[in-house]
Amino acid sequence: MSDVDVAVIGAGLAGLGAATALRAAGRSALVLEASDRIGGRAWTTHPAQLGGVWFDMGAVWLHSAEINPLVPIARAVGDTLLRSDELRVERTFVGTREATAEEYADYGGAWQRYEDRAADILRTRDDVPMAEVARSMPDDPWAVTVETWEGPIICCAGAEEFSLRDWYRNLLSGSNLVPQGGIGAFVARRLGEGLDIRWATPVTKVSWNGSGVSVETLRGRVTARSAIVTVSTGVLAAGAIAFDPPLPPEVLSSIHALPMGLAMKVALRATGPDRLDLPLHCSVDRQVKRSGDPTMGFQCWPYKRDYVQGWVGGPVAWELARAGEAAAVDFALGQLRALFGGRVDRLFGGGQTLVTRWDADPFVRGAYSFVRPGDADARIALAQPLADGRLLFAGEACHNGMAGTVAGAWISGQDAARIAA
Ligand SMILES: Cc1cc2nc3c(=O)[nH]c(=O)nc-3n(C[C@H](O)[C@H](O)[C@H](O)COP(=O)(O)OP(=O)(O)OC[C@H]3O[C@@H](n4cnc5c(N)ncnc54)[C@H](O)[C@@H]3O)c2cc1C
């Protein structure tokens, strides 16, 4: 293969962001992608078992829309962005009944109470596990519920294994938008255009000991002045790409401080007219009393599609991944049955289900990175250029502010490209 200014490894959001910025800077870039598609963890499918409607296997939302650089790109070409927050209706259960108006109000305020308490703790402590926040609010009936959302469900890690400081630095605010037809479809349609991308070209080795870099793939070698590596920390930790010379110990320790969490989606398609008396775009959750309690949040009939999607993350997701897809479906049905009774079995009895398996994708190996307590600077450390910018790492794990998101990945790719350029 050819000689280029920059070899970009991976065609997810970070790789696409990097290649786009390099092109704008007048540099040649070749994107080497192991799989047969672009987008990485932004991937829209049309599964037959859900009736062929669009379904995002990974990312769904453009978070913090007011500052998300992908939003103006979508708007400039006239793509429809669904206003998720305005469409969403929420139903919260306490035990088997719906929350009262008073409980809803108390729950609504719990998010701010939780954030304030976290800020208090971080004023005096360097870093602690996220679980410390709810532990220090024993009288707040909703603290563990917020912890469950912010920890295992959103950050894909248990509250005991996750850095509070990293969570606080990467708190998202503002509105959430969903590209009509799926975020993966938007990425594939709009962000790869005009870039030089080689699909089905896994990189096996990066040599960075000379004046440039040499990148070996299963389809030949590329030489370049620098390389931007955007694969997940799961792929890096597994040693799927060899480095010569080996990566310095501080880079290896950053990679190990940023393990992959897991999120699993379980979609169940309705058969028959019952809709559980829930409106369209309904988000269903329940009060959680015990930290670590296996909990699934549900989105029901999202954007007019006739399925319910459960979302579970962290240790429970890993456990279900080990137990298999049938166990994950049973778990989702059990959680729904506890709220809606036996009608759930009639409604979802058709067996049309989908379980996402990011744990089993060899080119990703999890959902997104989290930071171990005490290692809150790992993202910054991993983003530092090596050998005067000849070797750079980028991706969701390297962003500090919007880590674990498509926007964070895109920005970190662009930042690395500027250094390489
Ligand atoms: C279930 C789930 C839900 C999510 N929800 C949201 C959400 O709503 N909003 C949001 O903003 N973010 C969300 N995210 C996170 C978001 O998808 C990621 O942060 C982002 O897509 C990561 O982009 P990346 O470029 O860093 O990595 P990736 O997307 O993983 O891209 C890396 C690329 O490298 C390729 N690759 C791997 N190994 C090699 C190799 N050896 N050689 C060449 N190529 C290789 C991979 O195939 C991949 O295409 C979600 C993720 C998951 C899994």
Side-chain angles (χ1 to χ4, degrees), residues 4-10 12-22 25 27 29 31-32 40 69 126-127 162-163 165-170 203 205-215 224-260 365-366 368-421:
V4 286
D5 288 330
V6 184
V8 177
I9 302 169
L13 268 295
L16 297 172
T20 302
L22 288 162
R27 298 286 190 268
V31 185
L32 304 162
D126 209 28
D127 198 7
F162 187 54
S163 154
R165 188 163 294 281
D166 182 66
W167 171 77
Y168 196 74
R169 280 184 185 160
N170 288 284
V203 169
K205 185 172 179 183
V206 177
S207 301
W208 53 293
N209 45 6
S211 55
V213 292
S214 165
V215 178
R225 292 159 78 183
S226 58
I228 301 178
V229 181
T230 72
V231 304
S232 73
T233 52
V235 171
L236 290 172
I241 300 177
F243 290 87
D244 179 23
L247 294 174
E250 62 276 16
V251 176
L252 290 176
S253 67
S254 302
I255 292 167
H256 291 288
L258 285 160
M260 297 292 277
R365 295 173 181 263
Y368 34 92
S369 60
F370 69 91
V371 172
R372 294 195 195 284
D375 283 316
D377 290 334
R379 299 188 190 282
I380 300 168
L382 188 57
Q384 295 311 306
L386 296 171
D388 280 338
R390 215 160 56 237
L391 180 61
L392 294 138
F393 289 92
E396 55 83 12
C398 296
H399 197 261
N400 203 28
M402 292 182 85
T405 69
V406 291
W410 174 265
I411 297 167
S412 99
Q414 299 221 312
D415 288 346
R418 266 187 290 277
I419 298 170

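Starting from 1, each residue takes its place in the sequence as its number.
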* Asked: So how far is it from Y368 OH to T405 OG1, rounded to the nearest 0.5 Å?
  -> 9.5 Å

* Does any N or O in the side chain of Q384 come within less than 3.5 Å of the main-chain N or O of I380, such that one atom is a donor and the other an acceptor? -> yes

* Considering only heavy atoms from C-beta outward, does the side chain of V229 approach that of F243 to under 4.5 Å? -> yes

* Check whether any side-chain heavy atom of V8 lies under 4.5 Å from a side-chain heavy atom of L32, and answer yes or no. => no

* Heavy-atom closest contact (R390 atom, R225 atom, distance) -> CG-O, 3.2 Å

* To do: Quick one: closest heavy-atom pair of S226 and V213, and the distance?
  => C-CG2, 3.6 Å

* To do: Would you confirm whether R165, through its side chain, and D126, through its main-chain N or O, come within 3.5 Å as a donor-acceptor pair?
  => yes

* Asked: How many angstroms lie between atom NE2 of H399 and atom CG of L13, to the nearest 0.5 angstrom?
  -> 12.0 Å

* Euclidean distance, R27 CZ relative to L22 CG, rounded to 0.5 Å -> 8.5 Å

* Asked: Looking at side-chain heavy atoms only, is the closest gap between L386 and L392 below 4.5 Å?
  -> no

* Please confirm whether the backbone N or O of C398 pairs with a side-chain atom of S412, one donor and one acceptor, at under 3.5 Å? => no

* To do: Flag the pair D166 / F370 as yes when at least one side-chain heavy-atom distance between them is below 4.5 Å, and no otherwise.
  => no

* D377 and R169 ion-paired at < 4.0 Å -> yes

* What heavy-atom pair brings P69 and I411 nearest, and what distance separates the two atoms? -> CG-CG1, 3.7 Å

* **Side-chain donor/acceptor of N170 to backbone N/O of M402, under 3.5 Å** => yes

* Is a side-chain N or O of D244 found less than 3.5 angstrom from the main chain of S207, in a donor-acceptor match? -> no

* May I ask you to decide if R372's main-chain N or O and S163's side chain share a donor-acceptor pair within less than 3.5 Å? => no

* What closest approach, in Å, do A18 and A417 show between heavy atoms, and which atom pair accounts for it? -> O-CB, 3.4 Å

* What pair of heavy atoms forms the shortest contact from L258 to T233, and how long is it? -> O-OG1, 2.7 Å

* Asked: Is the side chain of E396 donor-acceptor paired with the backbone N or O of A409 at a distance under 3.5 Å, no angle test?
  -> no

* Closest heavy-atom pair and its distance - T230, G15 -> CG2-N, 3.7 Å

* Main-chain N/O of A397 paired to R379 side chain as donor or acceptor, under 3.5 Å -> yes

* Under the side-chain contact (heavy atoms from CB on, under 4.5 Å) test, residues paired with P373 that sit two or more places apart -> P129

* Do L247 and F393 touch side chain to side chain, with heavy atoms closer than 4.5 Å? -> yes

* Worked check of side-chain contact (heavy atoms from CB on, under 4.5 Å) between I419 and I228 -> CA-CA 10 Å; I419 298 170; I228 301 178; over 6 Å; no

* Minimum side-chain heavy-atom gap I9-V206 below 4.5 Å -> yes

